[in-house]
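Below is one structure, written out as structure tokens; the observations come after it.
Labels below follow one simple rule: chain letters A, B, ... track the order of the sequence lines, proteins then strands, and each chain is numbered from 1.
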Amino acid sequence: MQLFSCLNIERIRRLYGCDTLMADYNHSKTEKYWQDYWDQHHTFKPEENTTKQKYYVLDMFPYPSGAGLHVGHPLGYIASDIVSRYKRLKGYNVLHPMGFDSFGLPAEQYAIQTGQHPAVTTEQNLTRYIEQLKNIGFSYDWSREIRTSDPSYYKWTQWIFMELFRSWYNKETDRAEPIETLLHKFATNGTTDVNAVCDEGVSSFTAAEWNAMSTRESYEITLKYRLTFLADAVVNWCPALGTVLANDEVKDGVSERGGYPVEQKLMRQWMMRITAYADRLLTGLDTIDWTESLKEQQRNWIGKSVGASVRFPISGGEKEEREEGGKGKAYSSPFSLSAPADRSFIEVFTTRVDTIYGVTFMVLAPEHELAATLTTPEHRDAVDAYVNAAKLRSERDRVADTKAVSGVFTGSYCINPFNDELVPIFLADYVLAGYGTGAVMAVPSGDQRDWNFAKHFDLPIIPILDGQKGIDNQADNTKEGQYINSGIINGMTYKEATTTLIGWLEERGLGRGKINYRMRDAVFSRQRYWGEPVPVYFKDGLPYLIDESDLPLELPAVDKYLPTETGEPPLGRAEGWKYKGEYEYELSTMPGWAGSSWYWYRYMDPQNDTTFASKESINYWQNVDLYIGGTEHATGHLLYSRFWNKFLRDRGYVPYEEPFKKLINQGMIQGRSNFVYRLKGTGVEGTAPIFVSLNQIDGKDVTPLHVDVNIVENDVLNIDTFKQSRPDLTEDAEFITEPDGRYLVGAEVEKMSKSKYNVVNPDDIVEKYGADVLRLYEMFLGPLEQAKPWNTNGIDGVYRFIRKFWRLFYKDNAEGESQWIVTDERSGGPAATPAELKVLHRAIQKTENDIEAFSFNTSVSSFMICVNELATLNCHKRAVLQDLVLILSPYAPHITEELWAALGNEPGSISKAQFPTFNPNYLVEDTFEYPIQINGKVRTTISFAIDRAPTDIEREVLADEIVQKWLEGKSPKKVVVVPKRIVNVVI
RNA sequence: GCGGGCGUGGCGAAAUUGGUAGACGUGCCAGACUUAGGAUCUGGUGCCGCAAGGCAUGGGGGUUCGAGUCCCUCCGCCCGUACCA
């Protein structure tokens, strides 16, 4: 035994090349050693051609910003790494990759300022990121690293764009198909049996007409059907960034990145028909394991409303008598989407067609295309004034005062097709141009906004349901009761009424049941440099795909990263950049979400040059089992990814409808900012600043200023360092301190950011405590999903735990050297006792349950308990410690890897080892036999195991329960014993 | 407004999903070893009470032998979203 432990010490010495082992665990040396070892031995490369079951754990890949990682970033990465390492121990073949979303605005903004190529900046940032990530000891297979800005990667982003361009959406089959199937339909039957998602206002034609068209004509028609298409669209234009933004990139009327104002502008843009997938994006949510709140966010974003579309004929004029016939004119049938030129009716969308007899006025958005033509001369001035005022109000203002009622009468009327009533037409900015048809049939008795409007303009309020209550005071949107004042639906209930009305409308071509979505097609063009070039050139004004063999279409060099003098995007500056030397390329680039909408497939086969990922690799890895990332991508990346995935599925490239089976949103780690307080009026115009300590403020007029958290410890400011940090501001500063001479700072929880001086770099924690402690501590902080401020209050406890763990293996001798004290039963040492095995197996069980439930914080606690108890039991037995090392290894890979080797195992083999099997028998401390008596005779004896002996009282109380269950013909599986009370006989 | 989540010691948080509330960690108190402690170890620590005991999971009510957990109601907080017809 003595010999054995000596050998291990020798081995450790060889491994680390140190003469004496220090008395304590030396994390710097150990961690460096194993990180290099994993790198050199490709320890975390998944097996190829294996029959093992796969498990794919993915992190949302980061954008490599110049600020580097802060302690908040690794939170999700640590969790996913724990799951990866655990799943490997459980015998899975685990794919756990990392890469970078390396196209993006900050590098380009920096390039504009400095002239440095974004690729250079990006490369520098990447190097730093990789270094920081490796420092924490993640088990990524770095050989699979990808970068979206790498031409070998974006070649395939461009290829997918081309595939989308080469596809159309067939509503008949409810999937995307190659454009050829559409061409075939056109050639054989014209547009007759084509049911496609396409541009509004496409015209119909026969096969003969189609076949007679010129190539150019027919090509032009296909452009209206392709899943990527050019369109003049009102887009979010951000002048400061010089580009358009997608809806999800705009928050509160300003750009998400940078917070610059955004305005609406009509521009020719590449678009993607994501709306074709609206329904599948919605229903697919029911099949995936994401949080309810995230699914709900996507549902809201898609915004499906089931209702009806109704046409209200426009009356000839205010005074004019209406035409004969009463029922209004039947308009172009079959009911097709209106061409913008048709001005004979107003089309509205409503979810409550049943309230149509309650319509007393019509409201159009001020931007509505009919607004101008409907305005009668005597109302012209008022309407112009209103429309202009609405234009001037920013999106923000408009949303801000939702209570004020405003609007203006146009002087025109339309006709309610059901009762031939004249309905006055108003303009009001509570109606949005971008939703539905930009027109609302107003039912003041059933809708509060309509009610407010009616009161304000003194318009009639007609009750339409006998179930409506108190509509003199407010609207009642009930669906209860029977209809009154409602012509053909009088006496009916909600369901009957709706069917009747829609049937009536459809018969006459005046309307139809309709489903409306809030989601718009996605704008795909960005007038920027640092993104994927769009693989399109223009010939005679029409867009064509470049030849596939010319992929990747690489970013050309430009002299400046600004738009050209003529207002074209930066790519317009590229000298002689022409397709085949003669055709103009598309000058916009793809949006940030393009590269991230398929990247999880590239990891499966990252070097493939002939396809985005081989069939075999996709068939094996399939989709992502566990995806961890922030909730901020709810309506961006996570929606676009699902869209592209569904498209790739339709076209047969990938096997599953949904890319991410389970998704966990890690909570944000907030910063804890520190403040110093400068006395007002000091520190300006050459006066010396006076800083007041927190408890000395006492009503003084002070300005709080952020101070770098790294020069504050336990809320005490290091005054000297503070003075040195900004000598310009603080050279001759005075400090009003606490009586004990310390300067106390204030604190506040804020988002962690450079500008708030509250960024904590994980490297600093790693240097001080080690990566294992950082990992354990971040998990220990609280539930993964929860947002929490960063504080290091408990980190010493975790640090103590690691050292305590170490001391199960080593003990200091008289010379202060660490001595290996693990005993080995195979060479004659004492065997593990039942008490020790119980402690161990409780930890095995807990770890297994907790990781499967993604409850990492409680898992860390149970390690601490286990180690504490083993220390108390003075257990240094190999059989126990070897298993303990295994169960802890997902959390603290460095120290456990070292001890694993020290226990005599092959270095690096821990990732291939098996997770210890939990044996519940070790938890049993007693068996409990209970004789069952029926009619006074012992009929049988039930025996079961419990984790401690029951008291006499407990035995008695148990009796009733057990007999009861036994008589019911069920035998107890588990009995939980509670002192004094008893119960829970689980059948 | 609507949707989702939550409310437990000084603090971060546990609670086998209806079964000894507060595990574990911090913090605090005491002790040991120390010239010293911001090192290490040991013990204590929800509240009231000397104690026996009583009271405690935002407030109130209910179901149950038993409720932090389930139901109703009120209050408060966080996140998302918003004139969506």
Side-chain angles (χ1 to χ4, degrees), chain A residues 24 251-252 291-301 303-305 307-308 310 348-353 355 359 362-363 365 398-406 428-432 434-443 446-450 452-453 477 516-519 631-632 634-635 665 667-668 713-714 776-777 780-783 785-801 803-804 807 842 845-846 849-850 853 855 857-868 871-872 947 957 960-961 974-986:
Chain A
D24 237 337
K251 295 261 151 79
D252 301 324
T291 61
E292 204 44 50
S293 81
L294 197 84
K295 289 188 195 180
E296 201 56 32
Q297 275 185 59
Q298 291 210 344
R299 285 190 196 109
N300 287 340
W301 186 261
K304 180 179 181 173
S305 313
V310 186
V348 299
F349 172 76
T350 176
T351 53
R352 289 294 300 275
V353 69
T355 63
V359 172
M362 179 73 57
V363 190
R398 237 171 105 164
V399 170
D401 63 345
T402 56
K403 289 204 182 83
V405 177
S406 76
D429 63 5
Y430 81 82
V431 174
L432 304 175
Y435 182 75
T437 59
V440 172
M441 57 175 231
V443 184
D447 182 285
Q448 192 58 45
R449 287 157 314 173
D450 296 347
N452 294 345
F453 196 85
N477 64 3
N516 202 46
Y517 294 94
R518 197 187 86 114
M519 186 169 66
T631 180
E632 67 272 18
T635 52
N665 296 118
M668 198 178 28
E713 208 174 339
N714 293 326
L776 280 160
Y777 184 61
F780 184 69
L781 223 43
E785 300 88 342
Q786 209 165 83
K788 50 217 160 219
W790 175 258
N791 72 75
T792 46
N793 286 347
I795 201 164
D796 288 314
V798 174
Y799 191 47
R800 268 194 279 273
F801 158 71
R803 274 144 61 202
K804 207 164 188 173
R807 268 182 249 118
R842 260 213 310 255
Q845 184 193 31
K846 196 80 169 95
N849 289 344
D850 284 347
S855 173
N857 54 328
T858 55
S859 188
V860 177
S861 296
S862 62
F863 292 138
M864 293 187 181
I865 298 168
C866 179
V867 166
N868 272 335
T872 312
D947 64 354
V957 188
D960 290 341
E961 292 282 336
K974 179 183 145 197
V975 177
V976 176
V977 182
V978 177
K980 292 181 192 163
R981 264 167 282 146
I982 206 320
V983 237
N984 210 10
V985 180
V986 180

Please walk me through it: do A:Asp450 and A:Met441 pass side chain to side chain contact (heavy atoms under 4.5 Å, CB included)?
CA-CA 9 Å; A:Asp450 296 347; A:Met441 57 175 231; over 6 Å; no

Given [options], which nucleotide is nearest the side-chain atoms of [X]?
X: A:Glu292; options: B:rA15, B:rC84, B:rG4; value: B:rG4
X: A:Phe780; options: B:rU26, B:rG25, B:rA85; value: B:rG25
X: A:Met864; options: B:rA23, B:rG25, B:rA14; value: B:rG25
X: A:Thr858; options: B:rC84, B:rA15, B:rC24; value: B:rA15
X: A:Glu296; options: B:rG3, B:rA39, B:rA85; value: B:rG3
X: A:Arg807; options: B:rC41, B:rA23, B:rA85; value: B:rC41
X: A:Ser861; options: B:rA13, B:rA23, B:rC83; value: B:rA23

Given the [atom1] atoms of [N] and [M], what is the spacing between them in whole Å?
N: B:rU34; M: B:rG25; atom1: P; result: 27 Å
N: B:rG66; M: B:rG5; atom1: P; result: 30 Å
N: B:rG7; M: B:rA15; atom1: P; result: 12 Å
N: B:rU69; M: B:rU20; atom1: C1'; result: 16 Å
N: B:rG61; M: B:rA13; atom1: P; result: 30 Å
N: B:rC47; M: B:rA52; atom1: P; result: 16 Å
N: B:rG60; M: B:rA56; atom1: P; result: 9 Å
N: B:rG49; M: B:rU17; atom1: P; result: 38 Å

Heavy atoms only, 4.0 Å cut-off, all strands: where does A:Asn857 land among base, sugar-phosphate and nothing?
sugar-phosphate

With heavy atoms under 4.0 Å as the rule, sort A:Ser293 into base, sugar-phosphate or nothing.
sugar-phosphate

Base orientation of B:rG9, chi within 90° of 0 counted as syn, else anti, reads syn

Does B:rU26 count as syn, meaning its glycosidic angle lies within 90° of 0, or as anti?
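Anti.
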
Opposite nucleotide pairing with [N], Watson-Crick or G-U, both atom distances under 3.5 Å:
N: B:rA32; answer: B:rU40
N: B:rG19; answer: B:rC65
N: B:rU45; answer: B:rG27
N: B:rA14; answer: none
N: B:rG7; answer: B:rC75
N: B:rU57; answer: none
N: B:rU81; answer: B:rG1

Can you say whether the rings of A:Tyr777 and A:Trp790 are parallel (under 30°), tilted (30 to 60°) or perpendicular (over 60°)?
perpendicular

Should [X] be listed as having a side-chain N or O under 4.0 Å from OP1 or OP2 of [N]?
X: A:Asn868; N: B:rG25; value: yes
X: A:Ser305; N: B:rA85; value: yes
X: A:Gln786; N: B:rA13; value: yes
X: A:Arg803; N: B:rU40; value: yes
X: A:Arg299; N: B:rG4; value: no
X: A:Arg449; N: B:rC84; value: yes

Whole angstrom value for the distance that separates [atom2] of [N] from [atom1] of [X]:
X: A:Gln298; N: B:rG4; atom1: CD; atom2: P; result: 16 Å
X: A:Leu294; N: B:rG3; atom1: CG; atom2: C1'; result: 13 Å
X: A:Glu785; N: B:rG5; atom1: CD; atom2: C1'; result: 11 Å
X: A:Asp850; N: B:rA23; atom1: CG; atom2: P; result: 17 Å
X: A:Trp301; N: B:rU81; atom1: CH2; atom2: P; result: 8 Å
X: A:Lys846; N: B:rA23; atom1: NZ; atom2: C1'; result: 9 Å
X: A:Tyr799; N: B:rA39; atom1: OH; atom2: C1'; result: 11 Å
X: A:Tyr517; N: B:rA85; atom1: OH; atom2: P; result: 14 Å

Quick check: closest heavy atoms across [X] and [Y], and the distance to 0.1 Å?
X: A:Ser861; Y: A:Phe780; answer: OG-CE1, 3.6 Å
X: A:Ser862; Y: A:Asp850; answer: OG-OD2, 4.5 Å
X: A:Lys788; Y: A:Gly782; answer: NZ-O, 3.8 Å
X: A:Asp429; Y: A:Ser406; answer: OD1-OG, 3.6 Å
X: A:Gln298; Y: A:Ala634; answer: NE2-O, 2.8 Å
X: A:Thr437; Y: A:Val348; answer: OG1-CA, 3.4 Å

When you measure from the centre of the six-membered ring of A:Phe453, is the NZ or CZ of A:Arg449 under 6.0 Å away and within 45° of the axis?
no

On RNA chain B, check which nucleotide each of A:Arg800 and A:Arg352 is closest to and give me the residue with the more 5' one.
A:Arg800

Would you mind telling me which residue lines up with the more 5' stretch of RNA chain B, A:Thr635 or A:Ser862, judged by nearest nucleotide?
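Here A:Ser862 is the residue nearer the 5' end.
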
